[in-house]
Amino acid sequence: MYKTVRDLTEDAERLNMTIGAFNMHNLEMLPDMIRAAKEMGAPIIIQTSVDTAKYIGYNVIVAVVEELANSMIVDVALHLDHAKDFDAIKDAIEAGYSSVMFDGSSLPFKENIEKTKLVGEYAHARGVSVEGELGTIGGTEEGVSLSEEDKEYTRPNDAVTFVRETGVDVLAVGIGTNHGQFKSKTNVKIPLLKEIHQVVDVPLVIHGGTGVKEEDYPDLINNGIRKFNVGTELLVNWTQQAKDCFAETPVNKSLRYNIIPANQKVKEIVKHKIGLFMNKNHPVNVG
Ligand code: 13P
């Protein structure tokens, strides 16, 4: 069924698990991403950048995701990732995305609050859930993370104010992760996450999931991470597999010989991650 991120993260809170939010990089990989969730018996969040949405078409993505969710009977939310521009958010909502992120993390605190609040009012009036971001999530090049001085970690007290003032459904936190980190792994600040989780009452989101050590997943989930973004790992593996196949396949052979193995790679990774995200060895939240 077609759901919002709010619906899915509420279930995740009750079950003390996290929902995998996987970036789709092309339309080809999408059916296998949702099939992976089906085979694991878990919900999934499919997310797109604004540029991917424009490249494929917002309406096309919505139509395909809804069709796959309904025909496969899987709970799926479709989320716009890192939108910095209100027009992109309006386009996504009009097309039927069930969730959007407004990324005001590079703005001054007050402006981030004001703009996120406006997005929240617009989206909530249309039944769409909203993710905000506070603190910076670094970017990386060649697996080398940003210097410590360039990072701004989420301050727990600011997070309380931000959530109260904006009304966001979920909050992305800066606790040491970096987007695009695939050659090395980061050291996430679990004590900081704990502090934030103790004072903030909305589900929390981890960005830059590719660079997070799998052994850290339980600590992250047990401290309130209910949406776990993974993008680069899918991109790198799809591309590498496709490159290997294209190198060997004669040019007049069906594209299926190159694309299906790449999609299969993505499916394996999504299944593996979802298995860990279900946090099976840890008790559910009661009461
Ligand atoms: P990675 O591409 O580093 O896994 O991060 C994904 C993400 O956080 C998307 O917003």
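For the single chain, residues carry numbers from 1 onward in sequence order. Source: prediction; values computed, not measured. Side chains are part of it too, since the values below use all heavy atoms of this structure and drop only hydrogens, waters and symmetry mates. When a ligand or atom number is given, it counts from 1 through the structure's own listing order.
- Lys117 and Glu165 are not joined by a salt bridge, as no carboxylate oxygen comes within less than 4.0 angstrom of a charged side-chain nitrogen.
- In this structure, Asp169 contributes its side chain and Val130 its backbone to a donor-acceptor pair below 3.5 Å.
- Polar contact check, Gly180 against ligand 1: a nitrogen or oxygen pair lies under 3.5 Å apart.
- Crowding of Tyr257 atom OH: a count of heavy atoms from other residues, nucleotides or ligands under 6.0 Å not exceeding 12.
- Using 4.0 Å as the threshold, Glu233 has no heavy atom nearer than that to any atom of ligand 1.
- For Asp81, every heavy-atom contact with ligand 1 shorter than 4.0 Å involves the side chain, none the backbone.
- Taking every non-hydrogen atom of Val230 and a distance limit under 4.0 Å, the qualifying atoms of ligand 1 come out as 4 (O).
- In this structure, Glu39 pairs ionically with Lys267, as a charged nitrogen and a carboxylate oxygen lie closer than 4.0 Å.
- The shortest N/O to N/O separation between His179 and ligand 1 falls below 3.5 Å.
- With rounding to the nearest 0.5 angstrom, the SG atom of Cys245 is 9.0 Å from the CD1 atom of Ile259.
- With Met33 as the fixed residue, the side-chain contact (heavy atoms from CB on, under 4.5 Å) test singles out one of Ile46, Asn263, Val76: Ile46.
- At a threshold of 4.0 Å, the pair Arg14-Glu10 does not count as salt-bridged, since none of the basic side-chain nitrogens sits closer than that to a carboxylate oxygen.
- Remark: ligand 1 atoms within the under-4.0 Å shell around heavy atoms of Gly231 are 1 (P), 2 (O), 4 (O), 6 (C).
- Salt bridge annotation for Glu214-Lys273: present, with a cationic side-chain nitrogen under 4.0 angstrom from a carboxylate oxygen.
- Neither the backbone nor the side chain of Leu235 comes within 4.0 Å of ligand 1, counting heavy atoms alone.
- For ligand 1, the atoms lying closer than 4.0 Å to a non-hydrogen atom of His82 are 10 (O).
- No heavy atom of Gly211 sits closer than 4.0 Å to any atom of ligand 1.
- Atoms of ligand 1 found under 4.0 Å from any heavy atom of Thr232 (numbered from 1 in listed order, with element): 1 (P), 2 (O), 3 (O), 4 (O).
- Taking a cutoff of 4.0 Å between a charged side-chain nitrogen and a carboxylate oxygen, Lys54 and Asp51 do not qualify as a salt bridge.
- Listed by number with element, the atoms of ligand 1 under 4.0 angstrom from any heavy atom of Asn23 are 6 (C), 9 (C).
- Taking distance alone, with nitrogen or oxygen atoms compared against 3.5 Å, Gly208 approaches ligand 1 more closely than that limit.
- When each atom of ligand 1 is checked for a heavy atom of Thr210 under 4.0 Å away, the hits are 1 (P), 3 (O), 4 (O).
- Ligand-side atoms of ligand 1 in range of His207: 8 (O), 10 (O), range being under 4.0 angstrom from any heavy atom.
- Atom numbering of ligand 1 starts at 1 in the shown order; those under 4.0 Å from a heavy atom of Gly209 are 4 (O), 5 (O).
- For Glu94, the CD atom sits in a loose shell: 12 or fewer heavy atoms of surrounding residues, nucleotides or ligands are nearer than 6.0 Å.
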